[in-house]
Amino acid sequence: MSEIKAKDHNLNISRYVSNAKPEVQIDLSVTHKEMVKIEKQIRESTAKHNLFLKELGLPPLPVTD
């Protein structure tokens, strides 16, 4: 009863039970390392693909810096 009184006699469920989902914590250093690894894989794959295109006499894919 003291808890109800402390909350102005409001029996709204949200005052007593939270239905909020906790935020997902993201480790930015791990995410950064993964992105660097993926970027490296993209560059290596693009270079390999461009070799095949060159052999076929086709224009290469654009390379970003």
Stepwise, does the side chain to side chain contact (heavy atoms under 4.5 Å, CB included) test hold for Met35 with Glu39? CA-CA 6 Å; Met35 291 181 71; Glu39 181 66 27; over 6 Å; no
With rounding to the nearest 0.5 Å, note down the distance linking CG in Leu56 to NZ in Lys54.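 Answer rounded to 0.5 Å: 12.5 Å.
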Taking Leu61 as the starting point, is it possible to reach Leu58 by hopping between hydrophobic residues whose side chains are less than 4.5 Å apart?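 Yes, Leu58 connects to Leu61 through the hydrophobic network.
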Could I get the full list of side-chain contact (heavy atoms from CB on, under 4.5 Å) partners for Ser18, not counting sequence neighbours?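 Ser18 satisfies side-chain contact (heavy atoms from CB on, under 4.5 Å) with Ala20 once adjacent residues are dropped.
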Output side-chain donor-acceptor pairs under 3.5 Å for residues 23-31, partner residues at least two apart or in another chain, one line each.
residue : atom : partner : partner atom : Å
Asp27   : OD1  : Ser29   : N            : 3.2
Asp27   : OD1  : Ser29   : OG           : 2.7
Thr31   : OG1  : Asp27   : O            : 3.1

